[in-house]
2 protein chains.
Amino acid sequence: MKYKSYKSMNCSMAQALDAIGERWSLLILREAFYGKTRFNQFLDELGIARNILSARLNHLVEEGILEKRPAAETSHTEYVLTDAGRALRTVIMSLIHWGDEYRPHPDGERFSFVDSQSGEPIRKMGIHTVSGKEVGPGKIKVVPGPGVRKN
Amino acid sequence: MKYKSYKSMNCSMAQALDAIGERWSLLILREAFYGKTRFNQFLDELGIARNILSARLNHLVEEGILEKRPAAETSHTEYVLTDAGRALRTVIMSLIHWGDEYRPHPDGERFSFVDSQSGEPIRKMGIHTVSGKEVGPGKIKVVPGPGVRKN
DNA sequence: CTAATAGGTTGCAATATGAAACTAAATAGT
DNA sequence: ACTATTTAGTTTCATATTGCAACCTATTAG
């Protein structure tokens, strides 16, 4: 991480990207969502180089997004999502929905998602007001809060 | 984009990341959402190098996310979001919300967002079923669709 | 006890990024 | 009309990151 870091920017998104914006990080996290936990599982699934995978996993652990620990009953290592990691599911789901719509697979949807409790399908990600009304593109107004600083 | 492309992966998210996953791309798009349209506006706001900004803008145009055109009344260039570009607002909003929560600014929220029609605040991004019920972390089940191919 | 698997590290070539200098065209000021 | 400034880039070069392959060590399986 010696390319210019986004950390100095006063922007939540820049902070997020500093944690997960490196090449491969989100794909690793997607696999973690799909239940993968081990070094070689990520390796096989993604076709990423070993040294890069190692660097990314370490970074995600440092950032508090994954936890590294010995797997129960064995001395294998496993990487599991923390709360902060699981909270990235909205980012991942948004990217998947965008890809489904604008970069579709010719044969149809690759995966769909359902609520594991009710079995009900998951709805396309959208932006809503607190009262639940959908907010269309271009209808979002930005309001500066107390944490804005002008350089 | 001559690093190994994610295009060959059969995953919607990989396709999305191929379009917007390069360094700086999402920050440029955030500025576009905030209403910036011109080369020097992006430059001043982000502190990105000129050559990189140029490369990213061209790539986003190729990917159909921005449109490059002469601004009305002048011969200046402007870059504006296409529909596909505007559809990325869920990704951006998800990242901002994650950053607000897990990488907060000590003085408080940097920006908040409201529906420009009603003025009502925008709700934290979440995952919902089609009937509107919130789906918690770990409650999402993945269902393979017709577009899955096993390498 | 031996081979295979898991989880790495190291070295090197190929690529990407960042900073600064340089262009060229359009606009603004006098 | 002429000059200075702004806009939107391109080029060059040093530095940083990525990708690939080989190597390594500790566990587990047979």
Side-chain angles (χ1 to χ4, degrees), chain A residues 1-9 14 17-29 31-32 35-63 66-80 151, chain B residues 1-9 14 17-29 31-32 35-63 66-81:
Chain A
M1 181 72 76
K2 293 242 196 96
Y3 277 171
K4 199 160 94 180
S5 160
Y6 304 135
K7 282 223 167 63
S8 65
M9 289 184 207
L17 289 175
D18 230 62
I20 58 153
E22 289 170 307
R23 201 169 151 69
W24 293 107
S25 289
L26 277 165
L27 290 166
I28 292 168
L29 290 172
E31 292 305 319
K36 305 290 157 49
T37 59
R38 299 200 0 203
F39 192 90
N40 285 313
Q41 290 182 308
F42 294 117
L43 206 61
D44 295 345
E45 212 63 38
L46 296 174
I48 183 179
R50 297 168 150 283
N51 55 342
I52 306 297
L53 176 58
S54 179
R56 291 298 176 277
L57 289 171
N58 284 325
H59 185 226
L60 291 169
V61 168
E62 276 170 34
E63 293 282 355
L66 292 177
E67 188 194 344
K68 178 180 185 169
R69 63 184 195 200
E73 306 299 304
T74 80
S75 68
H76 290 305
T77 307
E78 68 177 11
Y79 294 90
V80 294
N151 306 329
Chain B
M1 182 67 76
K2 295 244 195 93
Y3 277 169
K4 198 161 93 181
S5 158
Y6 304 135
K7 283 224 167 61
S8 64
M9 289 185 211
L17 288 175
D18 231 60
I20 58 152
E22 289 171 306
R23 203 169 151 68
W24 294 108
S25 290
L26 277 165
L27 290 165
I28 291 167
L29 291 172
E31 293 306 319
K36 304 289 157 49
T37 59
R38 296 190 14 194
F39 192 90
N40 285 312
Q41 290 182 308
F42 294 117
L43 206 61
D44 295 345
E45 212 62 40
L46 295 174
I48 182 178
R50 298 167 143 316
N51 54 345
I52 306 298
L53 177 58
S54 179
R56 290 300 176 277
L57 289 171
N58 284 326
H59 184 227
L60 291 169
V61 168
E62 276 171 34
E63 293 283 354
L66 292 176
E67 189 195 343
K68 178 180 186 170
R69 63 184 196 202
E73 308 298 307
T74 80
S75 68
H76 289 305
T77 308
E78 67 176 11
Y79 294 90
V80 295
L81 290 163

Take B/Arg56 and B/Ile20 through the side chain to side chain contact (heavy atoms under 4.5 Å, CB included) test and state the conclusion after the steps. CA-CA 9 Å; B/Arg56 290 300 176 277; B/Ile20 58 152; over 6 Å; no
Rounded off to whole Å, could you give me the CZ-to-C1' distance for the A/Phe42 and C/dG7 pair? 13 Å
Please examine the side chains of A/Leu57 and A/Lys68, heavy atoms only from C-beta on, and report whether any two atoms are closer than 4.5 Å. no
For atom CD of B/Gln41 and atom P of D/dT6, their distance in whole Å: 15 Å
Ignoring hydrogens and geometry, is there a side-chain-to-backbone donor-acceptor pair from A/Glu63 to A/His59 under 3.5 Å? no
Gap between atoms CG and C1', on B/Leu46 and C/dT17 respectively (whole Å): 15 Å
Looking at every heavy atom in both A/Arg23 and B/Tyr6, which two are closest together, and how far apart are they? CG-OH, 3.1 Å
Output the rounded distance in Å from CD (A/Glu78) to C1' (C/dA6). 14 Å
Without swapping roles, check the side chain of B/Lys4 against the backbone of A/Gly47 for a donor-acceptor pair under 3.5 Å. yes
Reading nucleotides 18-30 of chain D from the 5' end, what letters show protein touch, with B for base, S for backbone sugar-phosphate only, - for no heavy atom under 4.0 Å? SBB-B----SS--
To the nearest 10 degrees, what angle separates the axes at the start and end of the helix from C/dC1-D/dG30 to C/dT30-D/dA1, five pairs each? 30°
Would you indicate which nucleotide in D/dT7, C/dA6, D/dG9 comes nearest to any side-chain atom of A/Asn40? C/dA6
Pairwise side-chain contact, B/Ile28 with B/Ile48, heavy-atom cut-off 4.5 Å (strictly under): yes
I'd like to know whether B/Thr77 forms a side chain to side chain contact (heavy atoms under 4.5 Å, CB included) with B/Phe39, so could you lay out the CA-CA distance, the side-chain angles of the two residues, the decisive distance to 0.1 Å, and finally the verdict. CA-CA 8 Å; B/Thr77 308; B/Phe39 192 90; over 6 Å; no
Would A/Arg50 and A/Asn40 count as a side chain to side chain contact (heavy atoms under 4.5 Å, CB included) here? Give the steps. CA-CA 9 Å; A/Arg50 297 168 150 283; A/Asn40 285 313; 3.9 Å; yes
Please state whether the phosphate of D/dT10, meaning OP1 or OP2, lies under 4.0 angstrom from any side-chain nitrogen or oxygen of B/Ser54. yes
Could you tell me the separation between the CG atom of B/Leu57 and the C1' atom of D/dT10, rounded to a whole number of Å? 14 Å
For B/Leu46 versus B/Glu31, what's the shortest heavy-atom pair and its separation? CD2-CG, 3.9 Å
Separation of atom CZ in A/Arg38 from atom P in C/dT5, rounded to whole Å: 13 Å
Rounded interatomic separation in angstrom, taking CG from B/Asp44 and P from D/dA8: 10 Å
